[in-house]
Each structure stands twice: as structure tokens, then as C-alpha cells.
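Every heavy atom of this structure was used, including side-chain atoms; hydrogens, water molecules and symmetry mates were not. Reminder, nothing fancy here: chain letters follow the sequence lines and each chain counts from 1.
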Amino acid sequence: MASFWCLDSVMNALSRHFSKLPVELIFWIGALIGILFIDPYGPNHFTLCPLDNLGFDWCPGCGLGRSMSLLTKGDFKASWSMHPLAMFAFVVIVLRIIQLIRNNKTTRNHG
Amino acid sequence: MANVLRHLPELEGMELGYIQGIMKDMDDEQASFFANVYRARRKDNQMILILCLIGFVGFAGLHRFILGQIGLGILYLLTAGLCFIGTIVDLVNYKSLAYEYNIKIAHETLNMMNFNRG
């Protein structure tokens with residue numbers, strides 16, 4: 001019984017911690033910073049993608065990160081041929097980051 | 001002096017605290033009107049969770065559409081939830097997604113009520 005109580009209090013502390021942290025904001029900013037560090041011209045790259053790690057060759061998101069990385073280096077043509085959604089993804093993510101920062105001021109204090 | 005639990009017993013957590021802050025200055029009639037409108041418009045966080053889980057069988061981003069974030073919805077749908085990573089992140093913070101949307105709805109409702117009154 002004692003161990004169950006311990007687990008419960010740990011879970012509570014974790015969830016309280018998570019509810020305070022703006023998880024989504026950290027995720028999007030982390031994603032953009034990660035994309036800046038990609039080398040799009042390298043032959044093979046480290047990937048977090050579960051599909052790729054399972055051995056699937058193709059998914060609709062493949063190349064998006066490299067495409068966005070090419071965009072930051074100004075190589076528009078290569079970026080478009082890698083994945084045409086890169087510009088759209090940039091715009092949407094930046095708008096979302098702005099929205100989240102605004103929300104943080106208004107929704108985090110009760111009443 | 002309306003109590004939020006009397007009018008909206010299904011709320012929990014941060015949302016409960018926030019709505020109590022909004023309702024504490026209302027009388028009973030205003031509070032029940034607010035509760036009716038708000039209940040009809042808010043999104044349940046379990047629905048967000050379930051729509052998010054559908055992302056694992058091929059239709060990612062439905063929860064983003066439902067929350068009015070059309071751009072991110074399209075991005076998730078066309079990239080299988082950013083290779084599942086976006087879907088997994090949203091599984092972790094589905095509650096704050098729903099909370100964010102519901103707070104917006106609460107303020108919309110409040111504005112309409114004040115508009116009607118005077």
C-alpha cells in the first residue's frame with residue numbers, strides 16, 4: 001500500500017508541474033531551434049521519427065524538416081522540391097508561438 | 001454570489017478555478033444563463049484526447065480543427081501529425097489545449113451577456 005501511495009504522490013507532482021509549464025510553447029520553440037541545427041545537405045541524418053525508425057520509407061511528412069532548414073539557408077528551389085509545405089509550416093508555427101505567448105499572459109491567472 | 005459547482009458541476013482543475021472567478025460576482029439568474037451558454041459551447045477535454053488518438057490511425061490534427069486552429073490542423077493532417085511527434089506532444093497537453101479554447105469561449109459569452117444587459 002505504501003508504494004502505491006508513493007507512486008500516486010509522484011504522479012500528482014508530475015501533473016502539477018506539467019500544468020504549469022507551457023509544454024506546447026517549449027515544443028514549438030524547441031522544434032524551430034532543432035531545425036536550425038539540421039544539415040540538409042548531409043547524406044543521412046539522425047531522426048526521431050518513429051515511422052522512419054521502424055523502417056518505413058515514405059510518409060507524407062518526410063523531408064519537411066530538411067525542407068524548412070533549406071528555407072532558412074535561402075535555397076528556395078531545393079526547399080520546394082524537398083517538401084512544398086515548408087513555408088506554410090513556418091508561418092503557422094510562428095503564428096502559433098505568438099498566440100501562445102499572448103495566452104500565457106491572459107489565461108494563467110485565475111479570475 | 002453564485003457557486004460554480006452548483007451551475008457547472010462537470011468542470012475540473014484550472015478551468016473550475018477560472019470560471020469560479022468569472023461567476024463570483026453574478027447573481028443566480030445570470031449565473032444559470034452563463035452556465036447554459038457556456039456548457040453548450042465549451043469543448044470537453046476528453047473529446048480532444050480522443051480526436052488526438054485518432055491521429056495514430058491516419059487522421060491526425062482533427063483536434064486542432066475542432067479548436068479552431070485550421071492552419072495547424074492542415075499541417076498535422078498532411079504530415080501525419082508531424083511524423084507522430086506532434087500528436088504525442090498533444091496527448092501530453094490535451095488539457096491545456098482544451099483549457100485555452102474554453103477560456104476564450106467563456107470571455108466571448110461574458111462579452112455577449114454584458115452587451116445584452118446594457
- Message: Check this for me: does any side-chain nitrogen of one of A:Glu24 and B:Arg64 sit under 4.0 Å from a carboxylate oxygen of the other?
- Response: yes
- Message: Quick check: is B:Met14 connected to B:Leu5 through a chain of hydrophobic side chains (ILVMFWY, heavy atoms under 4.5 Å apart)?
- Response: yes
- Item | Proximal component of A:Leu95, with respect to chain B [non-hydrogen, under 4.5 Å] | neither
- Any chain of hydrophobic side-chain contacts (each under 4.5 Å) joining A:Leu64 to A:Phe37? yes
- Task: Output the distance between atom CG (B:Leu72) and atom CD1 (A:Ile93), rounded to the nearest 0.5 Å.
- Result: 7.0 Å
- Item | Side chain, backbone, both or neither of B:Leu78 within contact of chain A (heavy atoms, under 4.5 Å) | both
- Has A:Met87 got more than 12 heavy atoms of other residues, nucleotides or ligands less than 6.0 Å from its CE? no
- Message: Applying a strict under-4.5 Å side-chain criterion to I, L, V, M, F, W and Y, I'd like to know whether B:Leu51 and B:Val57 cluster together.
- Response: yes
- Is a salt bridge present between B:Glu100 and A:Arg102, judged by a nitrogen-to-oxygen distance below 4.0 Å? no
- Side chain proximity check, A:Trp28 to B:Val89, heavy atoms < 4.5 angstrom: no
- Side chain / backbone / both / neither for B:Gln69 at chain A, heavy atoms under 4.5 Å: side chain
- Heavy-atom closest pair (B:Leu75 atom, A:Ala89 atom, distance to 0.1 Å) is CD1-CB, 3.7 Å
- Query: Checking B:Leu97 against chain A: side chain, backbone, both or neither under 4.5 Å from a heavy atom?
  - Reply: side chain
- Query: Is the count of non-hydrogen atoms from other residues, nucleotides or ligands lying under 6.0 Å from B:Glu29 atom CD greater than 12?
  - Reply: no
- Can you find a pair of side-chain heavy atoms, one from A:Phe27 and one from B:Asn93, that are under 4.5 Å apart? no
- Task: Kindly check if the number of other-residue, nucleotide or ligand heavy atoms within 6.0 Å of CZ (B:Arg6) is above 12?
- Result: no
- Message: Would a single hydrophobic cluster contain both B:Phe59 and B:Met47, if residues Ile, Leu, Val, Met, Phe, Trp and Tyr are joined by side-chain heavy-atom contacts under 4.5 Å?
- Response: yes
